Structures are given as structure tokens and as C-alpha cells.
Amino acid sequence: MGKFAINFKIFNENMRYPHAEIEAKWQKFWEEKGIHKTDFSKTEKKLYTLVMFIYPSGAKLHCGHWYNYGPTDTWARYRKLKGYNVFEPMGYDAFGLPAENYAIKTGIHPQDSTLKNIEDIRQQLKKMGCMYDWDAELMTCAPEYYKWNQWLFLQLYKKGLAYRKKAPVNWCPNDQTVLANEQVQADGTCERCGTPVIQKNLYQWFFKITDYAEELLDGLDKINWPEKTKLMQRNWIGKSVGAEVTFGVDGSDDEIKVFTTRPDTLFGVTYVVLAPEHPLVDKLTTDEHKKQVEEYRDSIKSLTEIERTSTVKEKTGVPIGAYAVNPVNGEKVPIWIADYALITYGTGCVMAVPGHDERDFEFAKKFNLPIRKVILEPGTKEDDELTEAFTGVGTMINSGEFNGLKSDEGIKKITEWLEEKGYGRKKVNYRLRDWLISRQRYWGTPIPVIHCPECGEVPVDEKDLPVELPYDVDFSLGGESPLARNEKFINVKCPKCGTDAKRDPDTMDTFVDSSWYYFRYLNPHIEEQMFDKERADKWIPVDMYVGGAEHATMHLLYARFIHKFIRDLGLTNSDEPFQTLIHQGTITNQGAKMSKSKGNVVNPDEFTVDYGADVFRLYLMFMGPYEMGGDWSDKGISGTDRFVNKVYDLFKRNENLLNDASPKDKYDVDSLSDDEKFIYKKTNQTLKKVDEELEQFHFNTAIAALMELLNNLKNIDKCSNDFKAYVLTRFAVMTAPLAPHLGEECWQLLGNDTSLFENPLWFDADPAGLVEDAVNIAVQVNGKLRSTVQVPVDSEQEKVKEVVFKDEKVLKHIDGKSIVKEIYVKNKIYNIVVR
RNA sequence: GCCGAAGUGGCGGAAUUGGUAGACGCGCCAGACUCAAAAUCUGGUCUGGGUUACUCCAGGUGCCGGUUCGAGUCCGGCCUUCGGUACCA
């Protein structure tokens, strides 16, 4: 009996924070009261916070998701407490290849596995305790959603921005699907399965993103995105300004148009290169070169574009026997084909100037083609031999009437000359290519087009949307896609003429889904429009968008393009979708990205069960700067666990404090006891610090500041109850965005009968509480720290000097030396320079 | 190769942007409580050296130089790691 009593007492005095119970309690409270539902009619201080939606794979939520969602929710909650009307939705990027691959392997239908995964993931997400408005939940595989992908397609089609062409595309023999260039890895393998990618010619649907290239470039100046990401998009768009120049062909009427950024080097052209696939090659190749050309073309057929254009690979090529005529001097130069000329960029033809282009130089050296110097490098002589291409600005030589001009000036002059004579014109080229959206797969949005033997391409009428994805299909791998093999789906009558026709068998890239989903969240079940335009005009753009940097040149570029198109349809009044963008860092494990195949995925459940969602979320935030990520280790989690328990104990000890205490809004510092004065300053300094750090996604330092404050509350029990209440209410509010369940619980423990997130509240620091009345000043001699002295804040130099020159340690170091200079920085340092 | 970011204790990381390097946390060491352990609490913890005592001395932020009274922070040149990109004419 006695032993039991002792144990009971110990247990009571130091009770562990009952996280499971408290987290369940508040999640239930928030849900039942509908606290996270957004009132869209209140647009003052509206704040649309969005995190990239989740791909519902069987692997469920992992640490990376937590790292993405938890801290973002903390920021959203922080803004909510500051009085913003926050909208924070969550949904599912539900179409895609993995579900179909899973079906191929297990026979489980993609729809069934996806819906099941969504069920599970939704439950997991709810346990995180984020502020999601579940009324806004959406999934892209629902007909009510993908109907509007099809509608969007039709609008693009009408404007000529969706078109079909036969083009060399990346084909993954394993997945039996086309891959976008961005989805092929640097080594020429499939991003998803690692199989080497081959080339295949297919009719494909494209969205003409290139029409928006210039605007996509300009728009970058207007958005608050990481510079790094904007730079990546700029490079991806790859604008270059130059000229298109028309070369003649010797003994033929044909013309060869080349694009060059260096028209000033036209006199240095010693050969011309065509892409091996260029249509002119067949026409121009002389009989004696035919065999050689065919052999060369065969030799590069098996290479992917990535391999062909690899800089590491040595350049190859063969002459075709024909000659081009240089318009500036009438000179005949040989025509070659070489794999370094790309049919997909510019005109597919290159004028080669080995003297002033590194690639051409290398090629000319290898095949003994002439190298002619036409730009003189400053500080060199005309007859010095070129050992490498000179690509800088210099003086034009060997260039007829243009000799003596500076080469940058020459670019302008020669372009004008070409335009005058009709040999060329100024031209802007982009590296960006049109967006290939066709997928020869099942689990995606059907393309709403019918192919009729009589009428050709016939778009499906808008009133017949959605073209629903049939459930009964054979999705085993094979030559044709599952939809093409589905008789019921694929065979239709032509809507125009009634003839037997076929549906387009392809589905859309899932990046189409994600390029406008942020509009749909505002009212995901609206039937008569793509999205609620009235709400969108008030709530779009997304104010804060958080997601991985790996989407820099794909999703984030496509979404900007589609946004601008939607604007051009008159459906939105904004130019950009995402006003501010933040990338969370990557959490790796043993140096590698977490992935199922590597077997290094860390399951968050074991931590949330043992420690609770708040502790786990705090730990992820405390690990380091949010945008840096880092290698996973659970070593420090006991730190945030201890913190949470200490905070809970503190509030538990002061349960119902507000019943007999009425804290003031602020205190006159001079009226406080020493302990109170100290705590008052720390509290207000922390308010300021936490506010600044949370605003900037600096969660680690915000948490450190709160821990520091907690450490400084040792003597809180020596303070008056009113004062205590002042400190603890503020502590609870600062805790709430970081650890929302704990924050609410602490708030309630104090005796409040409201919820913090139901009645948001944030405290600003009292400026008077920020001021220290004494500061420590570092005293240096010749820049080395020798002592510190305490002086009143903002002391003038003379006052400090008096103290400094009484300091023994300082005197010791200046003894017998002459003082050259004294530097005083108020409240910081006093440096004495001696010799 | 080119573009970008980063290198700070045993570990994760701070440092008001040129002004006391190592906040906060983990780990470790010592002590308290306990029959004991766990939990908790208190103190210590950059390295080397000196002292009865420390308000002592020297060195120290990837490497080599420089600017400055003063450099983790700025400049020049390297090295390493991680991302992006791959002949774009």
C-alpha cells in the first residue's frame, strides 16, 4: 500500500504530456466546430497558402511529406493568429503511371488502388493536425475534375495552341510510353524505371507553350520566387537573340537557313552543318556520298537525343558532297551533316565558324577543315595562330567592308546589311520546346478528339464532356495502349458526319492536371465552370506556394503558362499563379534521397505514435534551415520532446491561473520586481524574435528562441499571478503555430474557454520591454578581445572610455605602448589600436 | 564543362549582415534524487597550454593570400560536397 502511494505521487508530479489524448481532442474539436473552413466572402486580409498536392501512392505519407506540410502549416497558422483569413487546402494528384504499373504487376485496378490510398492518406493527413479545409479537397482522377482538363484542351485547340505532329519522341520500351525530354535522365534512361530510352516517331499532341516564351520570361520579374528557381526557368526558356541567314546552294535553287547569334562572324564560315534528319539532306546529297551519308545516319539512329548531344562525346559527321554559298562573299563552302546539329533547335542548320566557336573549332580540327580568323582578339596580332576558338569581342578582320568594326557593333551592322539585301533578318530563338502532353497510357485524362476517316481531327463537343475513362480495360503491357484496345471506348461515330470513327487513344500528361488545380480548390464541385471565377478573382494568385525545387522547370513553368492562357480566355484577372514560392529542402537518409527501392524510407508513424504529431513536427522544424533540408537522424528528437513536456508541466502547474489573475496589456518596467523585469524583457524580446523568424520560414531559430525563453522562466513562481498570466498567455500563443495541439491545450489550461484558432490572437512586443538598460561592450586591443565592460545602453564614447581605461586587463595590454586610434561602436565594441 | 548553393565543436546547427564565434538542441562528463534503474533537476563541455585561485595565455569557422582598427561574414585564387544543365549554333 505504502509503495503504491509513493509511486502514484511520483507519477502525478511529473506526468508525461499525454499527446495521443490531447491531439485527438483538439483534432475533434477543430473538425466539429469547422474551425478550418474558409469563409471566402471575407476577402480582406485573404491568404491562400498552398502546398503542392500529394501523389497518392501505396507508400503513404513519409518524412518528406511531413517536412513539406508541417512547417507550411505552421506558417499558415502563424498568419491565421495574426488575423489573416487563411485558405489552406489539400488534395490528390491522383492520375499517373505508378498506379498503372502497380496494376500491371498486381492486377489491382488503378482506380481501386488510388481510391484506397486516398482513404488511407486522408486519415494520415488528419492526424498531422494541419489546418486543411476539407471541404476543398479534390482529386484529379474524378470525372468532375478531369472534364475541365478536356475543356481546357478544347480551348487550346480552338486557339491553335494544341496541335498534333509526328516527331521524334523518347520512348521507354519498358513503360511503353512517351517521355518528355525533362523526364529522361542525363544518362538517357527513363526517370521512372531506369530503362534506356529509345527514339520513336509517333503522332503526339503538343501544347504550344513556346507562344508564351517571352511572357514567361518577363513574368519572372514580377514574382517573389527564389532567384535560383527563376534562373533555372530563364535558362530553360533559353532566349537568344541573333539573325537568321539564308545560304544558297551551289547548282540548285534550294536555300539553307541558319540561325546564328554571331552574324559578325559570317565571313569566317568555312562549312555548313545540317542535322542528319534535315529534309534537305536527301535532296542535296550527291550520288558518290549517298552511301556514306546513309551509313552515318544508321550509326546514330540508336542514340537518344541526350546521348547525341552529350558534350562528353566526340563530335562525328560526314560531308554530303554539296556546297553552300555564303551570302556575304559568294564563297562556296562544303555542307556536312553532324550529330551536333539538332533538328529541334533553330532551323536545324548551323553555319560553322571554327575560328570563333568552340564546337566548330573542335570539329574543324578533327576533319581538317579550314579555320579562318575574322575577329581579332585585343592584344593579339592578325597572323598569330589560333590555338582555340576566340569567342569574345574584338575587331573585325578579313570581313570586306566591315573590317575595323568592333564585333559587337558588327552584329548590328551585318544584320542590317542582310535585311537590306534580303539575305536574312533579325531573329529571336528559344531553347524552350512545345509541351508534349500525349501519353500512351490508361490512367489519365482522355484526350477529347475523334479521328474520322472523312473529316480528320474532330474535337469532341463541349456539351459531350467529360469523355469518361472506361473502367473495364486490359492494362497489361503491349504494343497498343489499353484505351486503344478497348472496343467500346475507342469506336464512335464521327460527330460531324456519322461515319465510323475512332477516339484518340492517348491520355494527358498529369502536369496538365496540376497546372490549374489551385483554381479548382476554391470550389471543387462547381459544375458549370472550370472554377468559381468570382472567387478566383478575389483569391488568386496563391499568396504562398511551397513545394520541391525539382519542379522548377516542369510543373512550375507549365502552371505559369496555363495560367496566362486562362487569363487570355478572360477567366482570371491575374498574370501569375503563385506570388511567393518557397522550396523546402530535401530530407535524405544516409546521403540518398528516400525511396522505396533504396529501402531507406523513414516511416513517420513510429515517431508520431511514440512522441506525437507536435513533437515530430517541431523536431523536423528544429533540425535546421527549412530550405536546406538535410540528412535524416532521429538523434535529437528527445530535445523537442523534453521541450513539449516542460511546457506542458509549466501550464499544468498553473492550471486555471486566469481565474484569479487579470494580466495587463503591458507593464511599466520600473514598477516590476527584478525577476519580473528580467522575464518581461525576455518575453517581449522573444515575441519580436519569433514573429520575425516565423514570417521568414526560419522555424529552427523561432523554436530556439522559445526554448531560451522557457529556460529563462526559472523564477516565474516568484512573480505575481497577474504578471505570470501575462507571460504564459503570450507563451501559449507563440507555441500554437509551431505545436498547435499543445498551444490550444496550454491556452485552455490557463482558464480560457475559447480556442486560439477559433478566436485568433497574436501579441506584439511592447517596445519598452525590448530595451535593455545596460549592455556589455567588448573591449579590444588591436582587434583582440581583452575584456568586457558593462555600461548603460547608448552610452557616449567619453563615458565608456572612463570605464575602459580603468580596466586592469585593458591596461595590461596597452601598458608602455602608444595609442594610435580608438574606435567606438555604440553598444557593441571599444577597440584601442596601439603600437 | 557551364550555372547555382553550401563547407563552423563529437553531432544538428546559431551569429542582428563587418563588431564578444559556437545561441538553441543532441550526445558526453560530474553531481543531486533513488535500495537501484528510468525519468527529472543542477553544473561542465571548441582545441592546446599555464594557474592555489581564473576576470589567464595562444590558436581556431575547407585551403592560400588580400582589404580593414576588426573578417565565419568583403575581395582574389584554389579544394571538396550537393543540386541544376548537357554541343542551343
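Just so it is clear: chains get the letters A, B, ... in the order the sequence lines come, proteins before strands, and each one is counted from 1. This one's a predicted model, so the numbers in the text were calculated from it and none came from an experiment.
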Could you tell me whether A:Asp807 and A:Lys812 make a salt bridge, using a distance below 4.0 angstrom between a side-chain N and a carboxylate O?
no
With rounding to the closest Å, how many angstrom separate the P atoms on B:G60 and B:A53?
27 Å
Mind checking A:Leu231 for me? I need base, sugar-phosphate or nothing, with any heavy atom below 4.0 Å counting as a touch.
sugar-phosphate
Examine A:Tyr611 together with A:Phe616 and report whether their ring centres are nearer than 6.0 Å.
no
On the nucleotide B:G25, are OP1 or OP2 found under 4.0 Å from the side-chain N or O atoms that A:Asn711 carries?
yes
Given B:C3, B:A15, B:G12, the nucleotide with the shortest approach to the side chain of A:Asn235:
B:C3
Give the nucleotide from the list B:A39, B:C24, B:A58 with an atom nearest to the side chain of A:Arg786.
B:A58
Here the distance between atom P of B:C88 and atom NZ of A:Lys257, to the nearest Å, is 23 Å
Between A:Lys366 and A:Glu362, does at least one N-O distance fall below 4.0 Å, as a salt bridge requires?
no
To the nearest Å, give me how far apart CG (A:Leu785) and P (B:G59) are.
13 Å
For B:U20, does OP1 or OP2 lie under 4.0 Å from any side-chain N or O of A:Ser787?
no
Would a line drawn from the ring center of A:Tyr626 to the ring center of A:Tyr67 be shorter than 6.0 Å?
yes
Distance check, P atoms only: B:G22 and B:C46, in whole angstrom units.
9 Å
Looking only at atom P, what distance separates B:C64 and B:G59, rounded to whole Å?
15 Å
Quick check for you: among B:G59, B:A15, B:A89, whose closest atom lies nearest to any side-chain atom of A:Lys784?
B:G59
Aromatic ring proximity A:Trp435/A:Phe511, centre distance under 6.0 Å
no
Parallel, tilted or perpendicular: which one describes the rings of A:Tyr17 and A:His19, with boundaries at 30° and 60°?
tilted
Between NZ of A:Lys689 and C1' of B:C24 the distance, given in whole Å, is 10 Å
Roughly how far apart, to the nearest Å, are B:U61 and B:C11 at atom P?
16 Å
Using whole Å, what does the distance between atom C1' of nucleotide B:A89 and atom CZ of A:Arg262 come to?
11 Å
Give a yes/no on whether any side-chain N or O of A:Lys821 is located under 4.0 angstrom from OP1 or OP2 of B:C69.
yes
Figure out the CD/P separation between A:Glu692 and B:A14, and round it to whole Å.
16 Å
With sugar-phosphate meaning primed atoms plus P, OP1 and OP2, does A:Gln780 contact a base, only sugar-phosphate, or nothing at under 4.0 Å between heavy atoms?
base
Could you give the distance separating B:A71 and B:G62 at their C1' atoms, to the nearest angstrom?
16 Å
Let me spell it out: for each of A:Glu708 and A:Gly629, pick the nucleotide of RNA chain B with the closest heavy atom. Which residue's pick is nearer the 5' end?
A:Gly629
C1' spacing across the pair B:U80 / B:C26, given as an integer number of angstrom
27 Å
Taking OH from A:Tyr619 and P from B:C24, how many angstroms apart are they, rounded to a whole number?
18 Å
For B:G84 and B:G18, measure between their C1' atoms and round to the nearest Å.
32 Å
What's the CG-P distance between A:Asp634 and B:C26, to the nearest Å?
14 Å
Measure from the side-chain heavy atoms of A:Phe259 and tell me the nearest of B:U85, B:C57, B:A89.
B:A89
Counting only side-chain nitrogens and oxygens, does A:Arg359 get under 4.0 Å of the OP1 or OP2 atom of B:A86?
no
Among B:G19, B:A14, B:G12, the nucleotide that comes nearest once only the side chain of A:Phe622 is considered:
B:G12
Hey, does A:Asn429 reach any base, or is it just sugar-phosphate, or nothing, if we go heavy atoms under 4.0 Å?
nothing
So which one's nearest nucleotide on RNA chain B is more toward 5', A:Asp360 or A:Asn831?
A:Asn831
For B:A89, does either OP1 or OP2 sit under 4.0 Å from a side-chain N or O belonging to A:His356?
no
If you check the A:Arg433 side chain, which of B:C24, B:C56, B:C88 turns out closest?
B:C88
At under 4.0 Å between heavy atoms, what does A:Asn776 touch on the DNA or RNA strands: base, sugar-phosphate, or nothing?
base
Donor-acceptor pair, A:Thr246 side chain versus A:Lys257 backbone, under 3.5 Å?
no
Picking from B:G13, B:U85, B:C88, which would you name as closest to the side chain of A:Pro625?
B:G13
What is the nucleic acid contact for A:Ser240, judged by heavy atoms within less than 4.0 Å: base, sugar-phosphate only, or nothing?
sugar-phosphate
Parallel under 30°, tilted from 30 to 60°, perpendicular over 60°: which one fits the rings of A:Phe651 and A:Phe731?
tilted
Look at A:Arg642 and B:G27 and indicate whether a side-chain polar atom (N or O) is within less than 4.0 Å of OP1 or OP2.
yes
Pairs counted as Watson-Crick or G-U wobble with both distances under 3.5 Å: what dot-bracket string results for RNA chain B, using | for bases tied to another strand?
(((((((..(((......[....)))((((((.......))))))(((((...).))))..(((((..]....))))))))))))....
So is A:Arg617 actually on top of A:Trp66's ring, under 6.0 Å and inside 45° of the axis?
no
Taking only Lys NZ, Arg NE, NH1 and NH2, and the carboxylate oxygens of Asp or Glu, determine whether A:Lys682 and A:Glu708 approach each other closer than 4.0 Å.
no
Let me know the distance between CG of A:Leu710 and P of B:C41, rounded to the nearest Å.
10 Å
Within the 4.0 Å heavy-atom criterion, would you say A:Lys714 contacts the bases, only the backbone, or no part of the nucleic acid?
sugar-phosphate
May I ask you to check if A:Lys315 and A:Phe363 form a cation-pi contact, with NZ or CZ under 6.0 angstrom from the six-membered ring centre and within 45° of the axis?
no
Inter-nucleotide P distance (B:G70, B:C78), Å rounded
26 Å
Would you indicate what A:Lys228 reaches in the nucleic acid, counting non-hydrogen atoms under 4.0 angstrom: base, sugar-phosphate, or nothing?
sugar-phosphate
Under 4.0 Å, counting only non-hydrogen atoms across every strand here, what does A:His583 touch: a base, just sugar-phosphate, or nothing?
nothing
Which of these nucleotides, B:C26, B:G13, B:G84, is closest to any side-chain atom of A:Met232?
B:G84
Just call it for A:Val350: base, sugar-phosphate, or nothing, with non-hydrogen atoms closer than 4.0 Å on any strand.
base
Just confirming the chi classification of B:G9, syn or anti, using 90° around 0 as the syn window.
syn
Using a heavy-atom cut-off of 4.0 Å across all strands, would you classify A:Arg234 as base, sugar-phosphate, or nothing?
nothing
Is any NZ, NE, NH1 or NH2 atom of the basic residue among A:Lys688 and A:Glu692 found under 4.0 Å from an Asp or Glu carboxylate oxygen of the other?
yes
For B:U17, does the O4'-C1'-N9-C4 (purine) or O4'-C1'-N1-C2 (pyrimidine) torsion place it in syn, i.e. within 90° of 0, or in anti?
syn
Hey, does A:Lys646 reach any base, or is it just sugar-phosphate, or nothing, if we go heavy atoms under 4.0 Å?
sugar-phosphate
